[in-house]
Amino acid sequence: MDFSVIKILFIFICFVHPEAKALIYPQDLITHDSVIDFPSLTPSFPTSSSPIFRPPTSPLVPALFIIGDSSVDCGTNNFLGTFARADRLPYGRDFDTHQPTGRFCNGRIPVDYLALRLGLPFVPSYLGQAGSIEEMVLGVNYASAGAGIIFSSGSELGQHISLAQQIEQVTDTVQQFIVNIGEDATTDLISNSLFYISIGSNDYIHYYLLNASNVQTVYLPWSFNQFLAQTIKQEIKNLYNDKVRKVVVMGLAPIGCAPYYLWLYSSKNGECVKNVNDMILEFNFAVRYMVSELNEELVDATIIFCDAFEGSMDIIQNHNHYGFNVTDEACCGLGEYKGWIMCVSPEMACNNASSHIWWDQFHPTDAVNAILADNVWSSLHTPMCYPMNLQEMLAQSTR
């Protein structure tokens with residue numbers, strides 16, 4: 001992809017709208033009391049298929065730690081020199097504050113919904129908090145848009161924090177906990193907390209499918225998938241050495257159905273790009289098998305794999321059931337399927353994002369994120385987690 005047009009347009013928008021700033025987390029989203037206030041749990045989109053939910057009065061886990069890419073970035077890239085930023089409207093327009101926070105969505109990302117299920121506040125980004133124990137003890141979000149399993153994936157967009165670098169940040173956090181609360185208390189905190197990993201899309205979007213460094217001459221898709229899966233496996237083992245015991249590993253969504261690839265491959269009638277989705281299916285298969293291996297190898301660890309491809313295809317194929325009218329075109333963007341240019345201006349966005357599956361070129365809407373989070377939590381709409389969902393994992397650990 002030629003990013004020169006996007007960069008020029010992005011710079012133009014920044015010049016025209018200089019008042020847009022990165023939003024530091026409002027205190028009402030950081031304090032624990034705010035997230036158990038019932039009115040804040042009312043989604044901004046129809047959820048007739050979901051039961052009304054009150055979060056638990058006490059957290060089900062001590063903390064939630066998040067590792068990943070733009071699918072779960074909540075503001076890390078606001079502090080980096082990169083074109084992969086979501087720090088201006090219309091991003092965040094349907095969020096609780098109706099302001100951009102760095103989330104690549106019109107509203108909440110999946111981990112926001114899971115935090116509420118766990119009885120925890122929305123998790124602040126690692127770079128967006130002051131580093132105090134009080135801010136970090138309920139969880140930290142290390143995710144960085146553009147990041148990949150491979151260090152250089154997404155590098156053409158600018159700065160990002162790769163998977164390996166995020167794992168190093170986790171280790172730094174653990175060391176900071178040890179200094180402040182002691183080794184035993186830290187082990188208890190980390191081993192009982194939940195770690196959520198969602199990464200890998202950029203290794204296809206910004207690396208393999210671009211044939212960066214002629215990677216396609218070195219790796220066939222299957223061997224590339226195996227390489228990625230084994231890299232994740234080693235990083236989870238590194239987390240295990242830091243006393244991490246509860247992990248959710250997310251598979252990749254069907255990016256072959258994303259508006260960008262529908263535009264790039266001149267899709268007819270919004271049909272998904274099969275060769276792209278085939279790679280994602282293979283990746284998810286490899287990671288699911290890797291997770292089953294880890295559950296055998298790592299004593300006292302419980303790791304679940306949640307297949308975002310399965311959950312997303314269920315939504316796409318049964319879109320009428322979920323209340324989505326538009327399955328192929330993004331809510332915000334330009335060009336065919338709104339997939340040519342990224343979302344950089346409020347004027348590009350549709351009026352009602354909840355009728356769309358896709359928010360921008362690559363990212364789903366808040367409404368889709370809520371459904372996927374329900375599936376991770378309890379398989380409410382369709383089973384997509386193996387060997388169990390998150391609710392079952394936590395129930396198992398309390399026996």
Side-chain angles (χ1 to χ4, degrees), residues 1-15 22 67-73 75-88 91 102-105 125 127 142-166 168-169 198-219 221 224-225 227-228 231-232 252-253 255-256 258-265 273 275-276 279-280 283 330 332-345 348 358-363:
M1 175 182 177
D2 182 1
F3 287 92
S4 59
V5 175
I6 294 177
K7 290 179 180 179
I8 293 170
L9 181 58
F10 185 86
I11 293 169
F12 172 76
I13 294 296
C14 292
F15 177 78
I67 295 163
D69 53 25
S70 59
S71 61
V72 285
D73 185 350
T76 294
N77 280 31
N78 289 358
F79 303 91
L80 302 178
T82 175
F83 288 100
R85 293 168 70 108
D87 60 345
R88 60 188 63 247
Y91 288 96
R103 290 164 170 81
F104 283 75
C105 186
S125 73
L127 298 184
Y142 306 92
S144 172
I149 300 165
I150 296 170
F151 178 81
S152 59
S153 293
S155 59
E156 78 276 9
L157 298 174
Q159 291 180 317
H160 64 268
I161 302 172
S162 68
L163 174 61
Q165 291 172 316
Q166 291 179 44
E168 290 175 3
Q169 290 178 337
S198 178
I199 198 165
S201 292
N202 292 311
D203 296 289
Y204 295 92
I205 297 169
H206 296 294
Y207 195 78
Y208 193 82
L209 292 171
L210 287 182
N211 198 24
S213 303
N214 291 317
V215 63
Q216 293 179 19
T217 65
V218 180
Y219 290 102
F224 183 69
N225 291 329
F227 170 75
L228 295 180
T231 304
I232 297 174
L252 302 184
I255 60 174
Y260 170 75
Y261 285 109
L262 300 187
W263 164 77
L264 184 66
Y265 285 80
V273 180
N275 70 305
V276 175
M279 294 183 199
I280 303 307
F283 171 87
C332 188
L334 287 178
E336 190 175 11
Y337 300 108
K338 301 285 185 72
W340 175 48
I341 294 294
M342 67 176 73
C343 178
V344 293
S345 168
M348 291 183 176
W358 299 97
W359 165 246
D360 62 13
Q361 287 179 310
F362 297 109
H363 304 100

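Residue indices begin at 1 and follow the sequence shown. Scope of the values below: all heavy atoms of this structure, side chains included, with no hydrogens, waters or symmetry mates.
Scored by the side-chain hydrogen bond (donor to acceptor under 3.5 Å, both in side chains) test, S198 finds S71 as partners (sequence neighbours excluded). Partners of F224 under the ring-ring contact (aromatic ring centres under 6.0 Å, His included) rule, at least two apart in sequence or in another chain, are Y204, Y208. Residues that satisfy the ring-ring contact (aromatic ring centres under 6.0 Å, His included) test with Y142, not counting sequence neighbours, are Y126. For E168, there are no side-chain hydrogen bond (donor to acceptor under 3.5 Å, both in side chains) partners at least two apart in sequence or on another chain. Judged as a side-chain contact (heavy atoms from CB on, under 4.5 Å), and not counting sequence neighbours, the contacts of I232 are I149, L163, I236, F283, V287, M290. With sequence neighbours excluded, the residues that form a side-chain hydrogen bond (donor to acceptor under 3.5 Å, both in side chains) with N77 are S144.
Residues I199 and I67 fail the side-chain proximity criterion, which asks for heavy atoms closer than 4.5 Å. When side chains are defined from C-beta on, L262 does not count as touching E336, because their heavy atoms never get closer than 4.5 Å.
Atom NE2 of H363 sits about 13.5 Å away from atom OH of Y260, to the nearest 0.5 Å. Here the straight-line distance linking atom OG1 of T76 with atom CD of Q166 works out to 7.0 Å at 0.5 Å rounding. Here the straight-line distance linking atom OG of S155 with atom NE2 of H160 works out to 6.5 Å at 0.5 Å rounding. Once rounded to the nearest 0.5 Å, the distance linking CG of D203 with CG of L210 reads 11.5 Å. Note that CD1 of I161 is 12.5 Å distant from CG of D69, once rounded to the nearest 0.5 Å. Atoms CD and OH, on E156 and Y207 in that order, are 11.5 Å from each other to the nearest 0.5 Å.
In this structure, L209 and Y261 approach most closely via the heavy-atom pair CD1-OH, 3.2 Å. Across every non-hydrogen atom of P259 and Q361, the tightest pair is CD-O, 3.2 Å. Among all heavy-atom pairs drawn from A330 and W359, the shortest one is CB-O, 3.8 Å. Scanning both residues, A145 and F104, for their nearest heavy atoms gives CB-CE1, 3.3 Å. Y265 and V276 make their closest contact through OH-CG2, 4.0 Å (heavy atoms, listed as atom of the first residue, atom of the second, distance). Y91 and C343 make their closest contact through CE1-O, 3.2 Å (heavy atoms, listed as atom of the first residue, atom of the second, distance).
Remark: the backbone N or O of H206 is not paired with any side-chain donor or acceptor of S153 at under 3.5 angstrom. Proximity of a side-chain donor or acceptor of N211 to a complementary backbone N or O of Q216 within less than 3.5 Å is detected. Proximity of a side-chain donor or acceptor of R85 to a complementary backbone N or O of L80 within less than 3.5 Å is detected. For the pair N202 (side chain) and G148 (backbone), a donor-acceptor distance under 3.5 Å is absent.
Between W263 and W340, the ring planes are tilted. Angles from 30° to 60° get that label.
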Q: Please assess F362 against M342 for the test side chain to side chain contact (heavy atoms under 4.5 Å, CB included), listing each intermediate value before the final yes or no.
A: CA-CA 9 Å; F362 297 109; M342 67 176 73; over 6 Å; no
